[in-house]
*Asks:* 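Next up is a structure, given as structure tokens.
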Number of protein chains: 2
Amino acid sequence: MEVEITTEEKILIAARKVFIEKGWDGARMQEIADNAGINKALLHYYFRNKEQLFKRVLAGIVGKLIPNLNTIIQSEQPIFEKIQAFIDAYLDFLLANQELPLFVANELSRNANLIVGAFEENGLKPMVGQMVMEIFQAIENKQIRPINPAHLLMSIVSMCVFPFMGRSIFQKVLMQVPEEMYQELLKQRKKEIYEMVYHSIVL
Amino acid sequence: MEVEITTEEKILIAARKVFIEKGWDGARMQEIADNAGINKALLHYYFRNKEQLFKRVLAGIVGKLIPNLNTIIQSEQPIFEKIQAFIDAYLDFLLANQELPLFVANELSRNANLIVGAFEENGLKPMVGQMVMEIFQAIENKQIRPINPAHLLMSIVSMCVFPFMGRSIFQKVLMQVPEEMYQELLKQRKKEIYEMVYHSIVL
DNA sequence: AAAAGGTTTAACCATTTGGTTAAATATGAT
DNA sequence: ATCATATTTAACCAAATGGTTAAACCTTTT
């Protein structure tokens with residue numbers, strides 16, 4: 001069977017890899033061309049310049065990041081199930097896109113307008129609002145102990161994302177464990193995070 | 001009173017600022033020179049090249065990062081007090097060096113050998129070992145509920161660091177709050193993190 | 001088969017950037 | 001004052017880098 005792959009796709013795949021690996025500043029058009037197995041001039045034929053290419057890569061990334069989580073947030077489930085589903089979906093995504101968080105945080109902090117633009121074009125609503133409300137209600141209903149919802153969410157997201165974003169810090173400085181062992185830890189986190197959150201809010 | 005500030009110090013201050021702000025790839029020797037108010041050639045007079053200058057900046061950063069935490073870890077206190085002291089000291093440091101985590105994670109993931117070298121020269125022992133042992137003992141002594149120590153530590157560090165390292169993600173994408181409000185959240189975290197951890201491990 | 005249009009390439013170009021050089025200027029010792 | 005040494009600067013340089021151009025090469029249409 002024929003697996004058609006256009007030059008444009010080859011370029012985007014190569015660009016995604018190089019941009020994520022090296023960041024905007026470190027990425028070289030020549031390296032992207034080499035990775036795509038084409039001439040450098042062809043990059044500029046398909047994408048006018050580095051910025052256009054970067055924007056296209058961003059759009060692809062952001063497009064996958066968002067919908068996943070939003071569906072969960074909007075679903076109707078009891079608070080504990082919902083939190084568990086959130087952690088579950090978030091970690092699945094992170095395990096499949098391990099280098100993404102550091103890349104996004106990085107570019108976002110240097111190049112904010114570009115990235116925020118990409119998010120807005122992809123229609124990311126501040127999905128936090130609804131979650132905050134639900135946590136408030138769960139507190140009033142005596143389902144969970146009183147806790148600042150913003151901080152609870154912050155903590156959950158932190159526990160999910162940081163092991164990926166700060167992976168180099170954990171792996172190379174703090175824990176000094178080999179790659180496979182770290183991957184093993186990452187896989188266990190789904191369960192560990194949920195248990196931590198559960199015990200910290202259950203009455 | 002005379003505040004003596006040598007050219008070398010001026011350079012290091014400027015370099016630290018530019019490197020942290022822009023990263024290795026984004027930092028320009030010219031910009032560092034401008035920030036220091038000197039000629040570009042003078043940079044190379046004091047520091048042979050970009051790499052030497054970067055290493056010196058790193059040494060300064062790592063030198064302050066470590067000792068702070070190690071003293072706490074090595075202190076003898078009951079487990080809950082120790083965890084609280086750890087969070088306390090960590091957040092004080094982070095509040096005073098907000099841009100550092102992203103910078104370190106970033107350079108560490110691209111340029112590992114350079115940074116790990118800087119850590120090793122500054123004698124960072126994998127301080128985690130001792131903490132893991134103590135958590136194990138606390139579990140055996142029925143002081144806290146059974147929990148994987150590595151994950152507990154990972155979670156604590158995550159909750160402390162991520163709001164700084166992923167600040168742009170929280171602030172600009174997820175929560176969309178103004179600067180002062182985010183700073184306010186950060187100041188509250190000390191208390192919030194400890195309470196979260198406390199409730200999640202207390203029997 | 002020849003014209004036409006899109007696709008790909010090699011060779012260039014202008015600018016930026018890290019780094020050097022040689023001369024000028026302070027600074028300190030004799 | 002004068003000599004020597006350390007500090008600072010302006011002018012350069014070579015390599016790297018994003019981008020352009022004009023020609024070559026397909027593929028499809030007529």
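All values reported here derive from a predicted model rather than from experimental measurement. Proteins get letters first, then strands, A, B, ... in listed order; numbering begins at 1 in each.
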*Asks:* Quick one about B:Arg167 and B:Gln171 (side-chain donor to acceptor, distance below 3.5 Å, no hydrogens or angles considered), yes or no?
*Replies:* yes
*Asks:* Is the distance from OP1 or OP2 of C:dG19 to the nearest side-chain N or O of B:Arg48 less than 4.0 Å?
*Replies:* no
*Asks:* For B:Asn49 and C:dG18, give me the distance from atom CG to atom P, rounded to whole Å.
*Replies:* 11 Å
*Asks:* Does A:Tyr45 put a side-chain nitrogen or oxygen below 4.0 Å from OP1 or OP2 of D:dT21?
*Replies:* no
*Asks:* Check for a donor-acceptor pair, side chain of B:Gln74 on one end and backbone N or O of B:Thr71 on the other, with a separation under 3.5 Å.
*Replies:* no
*Asks:* Starting at atom CD of A:Gln30, determine the distance to atom P of D:dG18, rounded to an integer number of angstrom.
*Replies:* 9 Å
*Asks:* Check every strand shown and say whether A:Ala33 touches a base, only sugar-phosphate, or nothing at a heavy-atom separation below 4.0 Å.
*Replies:* nothing
*Asks:* Mind running salt bridge (Lys or Arg N to Asp or Glu O under 4.0 Å) on B:Arg56 and B:Glu51 for me, showing each step along the way?
*Replies:* CA-CA 9 Å; B:Arg56 281 290 298 273; B:Glu51 186 173 329; over 6 Å; no
*Asks:* Given atom NZ of B:Lys40 and atom P of D:dC13, what is their separation to the nearest angstrom?
*Replies:* 14 Å
*Asks:* Please state how far atom CD in A:Gln52 lies from atom C1' in D:dT20, giving the value in whole angstrom units.
*Replies:* 17 Å
*Asks:* Of the candidate nucleotides D:dG19, D:dT8, D:dT21, which contains the atom at the shortest distance from the side chain of B:Tyr46?
*Replies:* D:dT8
*Asks:* Which listed nucleotide (C:dT20, D:dT17, D:dT9) is nearest to the side chain of B:Leu42?
*Replies:* D:dT9
*Asks:* Among D:dT9, D:dT20, C:dG19, find the nucleotide with the atom closest to the side chain of B:Ala41.
*Replies:* D:dT9
*Asks:* To the nearest angstrom, how far is B:Ile38 atom CD1 from D:dT9 atom P?
*Replies:* 7 Å
*Asks:* Can you tell me how far C1' of C:dT8 sits from CD1 of A:Ile11, to the nearest Å?
*Replies:* 11 Å
*Asks:* Looking at A:Thr7, does any N or O in its side chain come under 4.0 Å of the phosphate oxygens OP1/OP2 on C:dT7?
*Replies:* no
*Asks:* Once you apply a heavy-atom cut-off of 4.0 Å, does A:Phe47 come out as touching a base, just sugar-phosphate, or nothing?
*Replies:* nothing
*Asks:* Rounded to whole angstrom units, what separation is found between the CG atom of B:Asn39 and the C1' atom of C:dT25?
*Replies:* 13 Å
*Asks:* For the salt bridge (Lys or Arg N to Asp or Glu O under 4.0 Å) test, which of B:Lys82, B:Arg189, B:Lys190 pairs with B:Asp88?
*Replies:* B:Lys190
*Asks:* Could you work out, with ring pair (Phe, Tyr, Trp, His ring centres under 6.0 Å) as the rule, every residue matching A:Tyr182, not counting sequence neighbours?
*Replies:* none
*Asks:* Distance check needed: C:dA10 C1' versus A:Leu43 CG, whole Å only.
*Replies:* 15 Å
